[in-house]
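Residue numbers start from 1 in every chain, and the chains themselves are labelled A, B, ... in the order their sequence lines are given, proteins ahead of strands. Heavy-atom basis, side chains included; hydrogens, waters and symmetry copies ignored.
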Amino acid sequence: VNVRAPEIAAPGEEGRDALSRIVAVCIVLVTLTAAAVGWRAASSSGAADSAGVDAQRLSVKAMEEALHSKQDAQLNYELFVRTEAQRRRAAAASWASLSAERARDQQLLEEENEVWTTVSRRTEKLTELKAAGRYGPEQDLTFPGRYYAQSERRSQEIGALRDAASEESFAWGKRNASYATLLTMLTVALFLLGFWLSVPGRAKLIFVVLGIALALAAAAWAATLESSAPSRPPERAAKEFAEGYVAHGTQNYKRAAAHLEKAVDLWPTYARAYALLSDVYFLRDAPETFGFQSVTDPQALDDSISVLRKADDLGLAGWDERATLGWLEFLLALRTADDAEQRELLEWSARHAEEAIDRHPGATFIRYNLGLARLALGQDTAARAAYEEAVRRTQRDDQEWLAALADLDLLLDSRPDLAAEVRAAKEFVAGSVARQQQEPGPWEGSLPGLTAQVYPSAVQVGGLVLDDFDSKRDVLSMHWYWQKKKQVGWVNLADVSGYVPGSDIVESTRAPGTYFIEWSTARCLERGQYRVEIYVNGRLAGEARTEATLTTSRMSRLRSVDVQLCPPAQWQKADWFLPGFLEGLVAPDEQAGTYVLRMPVPRTLADLPPERLSTASLDSFVSTFGELFPARPTFDDVSTQAVASNYFLGLSGSRVRWYEYDGGWILAGAGVTSEGDVLAGVVFGPSADFETRQPLDTFDSLLTTS
Amino acid sequence: VRESVSAGKAEDRGTGKLRFAVALLIAAASVSSALIGWRASEVSGRASDLDQRGLEETRERQQILAGLEALVVGDLRLLGSYQEHVKASVVLERRASRAANRSVANALDARAREEEDAGESIRRSFWSQQKGILVEEKNGDVRYDRARAFEALKAEDIALPDLHPDEAFASARVTREQAVNLVGIAALVVASLIFFTLARFGRAGTNSLFAGAGGLLLVTGLTLFVWIGP
């Protein structure tokens, strides 16, 4: 009888069954987990694709918007320019009518003036740009820079949304890689658990335990992954970034900082926002707003480098960020007392400068920065090589070499032990840039008696004794520096520094044999220490210092008469306005102010010498327009006799005269322009005001812009 | 003893049937997973195609719109000059009619004609010649309806009506979700396959457990596939 023996449980069989059940349950769970992870991987891959497509779509849209807004801005600007041209035609016709010989001609010119005035008013309505508007030329010295910058708002917002989509796609992609690893772990766990089926004896326990451990680790990782999912930053962050970008472009740094801080709060991983915020922190407290901004307040420097490092950590590694980071590290190194730390920062500075040069070899200023860092490290040969490469790429009219000289002074302030090296580097830069254009002449004199004078919108260096100097052969460059606060350091005034053509070296009428150079600026200079260096043929020939106690003001333009000036900040456009002839600014109470009159020389006065013409024009101006002043003025002979200089705007035949009225004074100047017009300017105010420098500073700041 | 023998045979038959059924289920699950995988891949490919089409249509649309915008901007560039001549002509004509001096009136009138002629030659250069876009008031004020000009140009374009990038992106999104769901279903069916394999080759005590779990997964997967797969 073929009878199968009943199954008798062997010793330990029950335990093995229990283990079997546990392993079976584990296999089920691991398999289900793997299936879930596989599904999540597919899902995350889909999300990455979707976000990637969104990023590409937004990229196209951002480009479209950028093009659209630029075209619109250009159209508005063109219409604004046309309006201005029409106004000028009206003014020209009006001027011409004054000197017309025949009544018919005069009437036709007056009609012409009316036509162009009407046409300009209509054209002005076609453009959103207004002369006195927020982005108009009266508010923006960089006009139309701010207007163009604000037009980028929408394209920047879409660009930020594109970055958000791109970041989301990247995050999903990264998560996908995690899912792939998880699937591998779970597959290995299944493989190990599967050994339970085939391996005899106790050895299989090892595989089971390992498999369960691996599966638990994978499950824990999967749970962690699932606890948070990549998400797109809120759209509000993109809006805040765009607002910050525009505020940065329009030089409203406080507003820019507020918006960008909100942007990084809402989107803590947006590297571009951090980089821009770093720039904003630096510029917000930078004393110099023209040319290269090399220095800032110590706290601003700390804030700036802190957020830029954050951008660096987030992977923003453009040449610009590298170069900026290198420069900030150099500034930080100068402030550091610890030698080892200073050296480390300087090494980083040089390394970042080199990385930036690798990415953008054409950016010359980084080569100057590299030379400076190498010089500070005592690596003279490397420094020389960097400077040689920098000057080889520099033209005389560039600003990089001007900033480089000021930067060398920063190093000198912090490291007096490098005085000889710094001077040699400065002479090398000044001499080499000059040498590119012209072989230096033999002039080797020195200029010991230099004097420096600072006016509200001009600087003057005097006392130049230039025997045997030949401007066709010898190369002279002037470098002005300004120090607002000692802890911030010297900055270069790029707009009044550089190569000086021979025509700008003027012989003094008061001290024949000595020369002076006077350059005007396109802004209002502030109080502080000023220093000027004169290099001749690449050699430091002389220097002078002065302290300027100027009243703080902002640049204003009287565009109708082509004059700019630095009045007190609260002065506003006067109601009295004759386009092309008369324009002014007055204090809110109208007790002080300034007016400028431009007019063609009347036929009756055409034969007068320029000096008498100026005097007659001033008297006529003050009497004809007497109602512009708080009371009827009279000529003040005594004060006029005491006038030290009749200089007025560099005009020919210029005269300066004083007038007085009940309770106040009028300081007036007039001269004849190269176009043959008479230009007269007055500054008036209560007598008490004239005990301060403010009215004189305002008068001295008058400059023609034509 | 006899009873024991028949009970053992019945048990063998039962195990044999289960194993046979599991073998069939393995085959069915294998075929199903391949089918679902193929379908998921096809749907995923279609989602990519739709994305690609959406991007291409976006670019093409952008190219066309930029071209049309350039025509409108070209018109707007002429607007300033046109406005200048038209306004000058109207003002000069008005002042000529009021001038007391005949010689001055004639001169102003001649200037008005010049301005009018110059304005007319510019008007002919406008791309948008449709009525209502470039409007000239009696006082010489000129208005250009930019939105209308742009819409008119868009309406005339023959390629734009066929370009619907947003629809393509929306379809791509739906299709991608479908592909992800199909991958999930495929994972379920593959999981059932593992259970069936364990049921086929595992120990007697756990076979039916694995087979049951596998069957459950397979039925769920196939039901879902029938629901969202096509």
Novice: Is the side chain of W39(A) donor-acceptor paired with the backbone N or O of A187(B) at a distance under 3.5 Å, no angle test?
Specialist: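 The answer is no, because no donor-acceptor pair under 3.5 Å joins these two groups.
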
Novice: Do E64(A) and R61(B) touch side chain to side chain, with heavy atoms closer than 4.5 Å?
Specialist: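 Not touching, per the 4.5 Å side-chain cut-off.
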
Novice: Are any of the side-chain nitrogens in D72(A) or R146(B) under 4.0 Å away from the carboxylate oxygens of its partner?
Specialist: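 Salt bridge: yes.
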
Novice: Side chain, backbone, both or neither: which part of L55(B) has an atom under 4.5 Å from a heavy atom of chain A?
Specialist: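 L55(B) touches chain A through side-chain heavy atoms alone.
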
Novice: Using non-hydrogen atoms only, which part of V73(B) is less than 4.5 Å away from chain A: side chain, backbone, both, or neither?
Specialist: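 Contact with chain A: backbone and side chain both.
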
Novice: Could you report the tightest heavy-atom contact between A42(A) and V183(B), atom names first, then the distance?
Specialist: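 Result for this residue pair: CB-CG1, 3.3 Å.
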
Novice: Where on R77(B) is there a heavy atom nearer than 4.5 Å to chain A: the side chain, the backbone, both, or neither?
Specialist: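 Interface part for R77(B): both.
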
Novice: Which answer fits S48(B), side chain, backbone, both or neither, if we ask what part of it has an atom under 4.5 Å from a heavy atom of chain A?
Specialist: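 Looking at S48(B), nothing touches chain A.
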
Novice: For a quick test of reading the model, state the closest non-hydrogen atom pair linking R176(B) to S50(A) and the distance between them.
Specialist: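 Answer, listing the atom of R176(B) first, then S50(A): NH1-CB, 3.0 Å.
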
Novice: Using non-hydrogen atoms and a 4.5 Å limit, figure out which bit of L217(B) sits close to chain A: side chain, backbone, both or neither.
Specialist: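 The answer is the side chain of L217(B).
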
Novice: Decide whether R104(A) and S103(B) meet the rule of one side-chain donor and one side-chain acceptor closer than 3.5 Å.
Specialist: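 Yes, S103(B) and R104(A) have a side-chain donor paired with an acceptor closer than 3.5 Å.
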
Novice: Look at G80(B), G54(B), S44(B), A40(B) and state which one has the largest set of heavy-atom pairs under 4.5 Å with chain A.
Specialist: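 Between G80(B), G54(B), S44(B), A40(B), the count favours G80(B).
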
Novice: Please walk me through it: do K87(B) and T118(A) pass side-chain contact (heavy atoms from CB on, under 4.5 Å)?
Specialist: CA-CA 8 Å; K87(B) 189 78 183 178; T118(A) 312; 3.8 Å; yes

Novice: Just wondering, more than 12 heavy atoms not from K130(A) lying within 6.0 Å of its NZ?
Specialist: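 More than 12 heavy atoms, drawn from other residues, nucleotides or ligands, come within 6.0 Å of this atom.
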
Novice: State, yes or no, whether a side-chain contact exists between S81(B) and R82(A) at a heavy-atom distance under 4.5 Å.
Specialist: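 S81(B) reaches R82(A) side chain to side chain.
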
Novice: Of all the heavy-atom pairs spanning A107(B) and L108(A), show the shortest one and how long it is.
Specialist: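 A107(B) and L108(A) have their closest heavy atoms at CB-CD2, 3.8 Å.
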
Novice: Heavy-atom distances under 4.5 Å only: say whether R111(B) touches chain A with side chain, backbone, both or neither.
Specialist: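 Answer is side chain: those atoms of R111(B) sit under 4.5 Å from chain A.
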
Novice: Heavy-atom pairs under 4.5 Å with chain A - which of R94(B), Q62(B), R173(B) has more of them than the others?
Specialist: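 Going by pairs under 4.5 Å, I would pick Q62(B).
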
Novice: Between L67(A) and A66(B), which heavy-atom pair has the shortest distance, and what is it?
Specialist: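 Taking every non-hydrogen atom into account, CD2-CB, 4.4 Å.
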
Novice: Apply side-chain contact (heavy atoms from CB on, under 4.5 Å) to Q56(A) and R59(B), showing your working.
Specialist: CA-CA 10 Å; Q56(A) 288 190 56; R59(B) 288 192 194 104; 3.3 Å; yes

Novice: With a 6.0 Å cut-off (strictly less than), is the heavy-atom count around CZ of F150(B), excluding the residue itself, greater than 12?
Specialist: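 Yes - once you tally the heavy atoms of other residues, nucleotides and ligands closer than 6.0 Å, there are more than 12.
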
Novice: So which bits of residues 137-145 of chain B come within less than 4.5 Å of chain A, counting non-hydrogen atoms only?
Specialist: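 Within residues 137-145 of chain B, near chain A: D141(B), V142(B), R143(B).
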
Novice: Kindly check if the number of other-residue, nucleotide or ligand heavy atoms within 6.0 Å of CD (E56(B)) is above 12?
Specialist: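 Yes, the 6.0 Å shell around CD holds more than 12 heavy atoms from other groups.
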
Novice: By a 4.5 Å heavy-atom criterion (distance strictly below it), what part of R89(A) contacts chain B: side chain, backbone, both, or neither?
Specialist: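 Contact with chain B is through the side chain of R89(A) alone.
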
Novice: Need one label for Q83(B): side chain, backbone, both or neither, based on atoms under 4.5 Å from any heavy atom in chain A.
Specialist: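 Side chain of Q83(B) only, per the 4.5 Å heavy-atom cut-off to chain A.
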
Novice: Who wins among A103(A), S44(A), A34(A), A35(A) for the most heavy-atom pairs under 4.5 Å with chain B?
Specialist: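 Looking at each option in turn, the highest pair count goes to A35(A).
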
